[in-house]
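Remember, it's a predicted structure, so these values are computed and weren't measured experimentally.
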Amino acid sequence: MESLLIKDNPRLLPMNRERTIYDGFITVQEQDFRLRILLPPDGQIKRAKLHCCWQLKHLLRGYEAIVKQRLQQSSHLGSFLLELKTVLEVCVQSRPSPLSIPRPQSYSDLLSELETLGWDKLVFIDTDFRTLRLRADDSSGREHVLTVHLKTKHPAEAPECAADVPVPLVFHWTPQTSLAQLHAQFLQLLESLTEFWEVLDEIDQKTWVLEPEKPSRSDTMRRIAIGNNASINVEVDPRHPKMLPECCLLGAEHVVTPLRNKLNANMHLWNPECSVLSNLGDVLEIQFPSPATHHKSDLSVECGICYSFRLDSGIPDQVCNDPRCGQPFHQDCLYQWLRALPSTRQSFNVIFGECPYCSKPITVKMAAQK
Ligand code: ZN
Ligand code: ZN
């Protein structure tokens, strides 16, 4: 038994004459692990104490119960160590191997691809060489960025791409597709969207846009101030940007109703050769207030209850319909205000009450449950 122990574990040696202390290394799959074993004076393996190095402890995490069980069942140290090494073999094999590190080959491939594309196009690359941001300028000089997340584990799979555009990013991809080809496809997509951005850039420059606060290149909606606490929501189709967009007028009834009638009556005048903004002006027979003619504070009137304009990213969208009042409110503010008053009635999800400013009847829908 003793000879077997030494033969199997030549580097684990007895430290005293009684042979109750062993110290040294055991070898599993060509790796050495430091181990110290303390046996009780009677040499009973069941009551042995094991002191493992941290690598061994780390490896045996989750297997402690099995090791204890093997210790109980073994008749002598030699057979226990055989069992321990079997357990360790399983541990070593199930340990995650560093497969996710890309092969050196793909680094040099990537470098030569970037060389072809042009280093000036590279805005960012992460330390793993997996996420790249590539710059692309469209023919009108707008700067765009394409984020490419390479699947280094599965190089044959298409990389994940993201960009601030209003349409889904669909690229033609084969494992042979280079970064330069991907970039060229992105440029093509950008060119197909330049008319859409021209339409929106004109609106952003020549009107007061109430929402979104800071439009991104993928935002298709604009809420444009008309004046008199009224505004128009315009949803531009990225694929047909000069067609009549989806429109929704917001504001007091006495302001909005005449505009809505004009929109319906003049719709046939819409000329797809002209810009959306000039068409909207013609159809509604209005001049949009612009940064040249108005201050934004004249148009973005604050809520009559909380005295702020933006509340949880919402802007006042409820208006008193009395022509002499026209006070705007946030939906939530008005709902909370009216709900607290005894004179308020409720029917289904609509609250009927009095305007906090002019005491004329006002209604508000209950805000959707958050
Ligand atoms: Zn408010
Ligand atoms: Zn009022």
Asker: Under a 4.0 Å threshold between the charged nitrogen and the carboxylate oxygen, would Glu213 count as salt-bridged to Arg310?
Answerer: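 Answer for the salt bridge query: yes.
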Asker: Return yes if a side-chain donor-acceptor contact under 3.5 Å exists between Asp137 and His144, otherwise no.
Answerer: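 No, no side-chain donor-acceptor pair sits under 3.5 Å.
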Asker: Is Glu198 close to Arg142 at the side-chain level, that is, under 4.5 Å between some pair of heavy atoms?
Answerer: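 A side-chain contact exists here, since the closest heavy-atom pair is under 4.5 Å.
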Asker: Using every non-hydrogen atom in the two residues, find where Phe80 and Val67 come nearest and quote the distance to one decimal.
Answerer: CE1-O, 3.9 Å
Asker: Are Cys325 and Cys355 side-chain neighbours, meaning at least one heavy-atom pair lies under 4.5 Å?
Answerer: yes
Asker: Please determine, by modelled atom types, if Glu235 and Thr220 share a side-chain donor-acceptor pair under 3.5 angstrom.
Answerer: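 The answer is yes; a qualifying pair exists.
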Asker: Quick one: do the Lys242 and Asn271 side chains pair a donor with an acceptor below 3.5 Å?
Answerer: no
Asker: Calculate, to the nearest 0.5 Å, the distance between atoms CD1 and CG belonging to Ile26 and Leu12 respectively.
Answerer: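 Result: 7.5 Å between the selected atoms.
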Asker: Tell me whether the rings of Phe171 and Phe186 are parallel (<30°), tilted (30 to 60°) or perpendicular (>60°).
Answerer: perpendicular
Asker: Show every donor-acceptor pair shorter than 3.5 Å between a side-chain atom in residues 315-323 and any protein atom, with sequence neighbours excluded, or say none if there are none.
Answerer:
unit_1 : atom_1 : unit_2 : atom_2 : d
Asn321 : OD1    : Glu253 : N      : 2.7
Asp322 : OD2    : Arg324 : N      : 3.0

Asker: Taking NZ, NE, NH1 and NH2 as the nitrogens, is one of them in Asp201 or Arg217 under 4.0 Å from a carboxylate oxygen of the other?
Answerer: yes
Asker: For a quick test of reading the model, state the closest non-hydrogen atom pair linking Asp120 to Arg135 and the distance between them.
Answerer: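 Reported closest heavy-atom pair: O-CD, 4.5 Å.
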Asker: Do Pro40 and Thr20 have side chains that get closer than 4.5 Å, going by heavy atoms?
Answerer: no
Asker: Is it true that the side chains of Ser275 and Glu202 contain a donor and an acceptor less than 3.5 Å apart?
Answerer: yes
Asker: Do the side chains of Leu110 and Leu179 get nearer than 4.5 Å, heavy atoms only?
Answerer: yes
Asker: Check the pair Asp42 / Arg47 against salt bridge (charged side-chain N to carboxylate O under 4.0 Å, His left out), numbers first and verdict last.
Answerer: CA-CA 10 Å; Asp42 59 3; Arg47 291 193 284 126; 2.8 Å; yes
Asker: Can you find a heavy atom in the side chain of Leu190 that is under 4.5 Å from one in the side chain of Trp197?
Answerer: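 The answer is yes, as the side chains (C-beta and beyond) meet within the 4.5 Å cut-off.
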Asker: Can we say Asp32 and Arg34 salt-bridge, meaning some charged N sits less than 4.0 Å from an Asp/Glu carboxylate O?
Answerer: no
Asker: Before giving the answer on ring pair (Phe, Tyr, Trp, His ring centres under 6.0 Å), spell out for His330 and Trp337 the whole-Å C-alpha distance, their side-chain angles and the decisive distance to 0.1 Å.
Answerer: CA-CA 11 Å; His330 293 116; Trp337 174 278; over 10 Å; no
Asker: Any salt bridge between Glu211 and Arg222, counting N to O under 4.0 Å?
Answerer: no
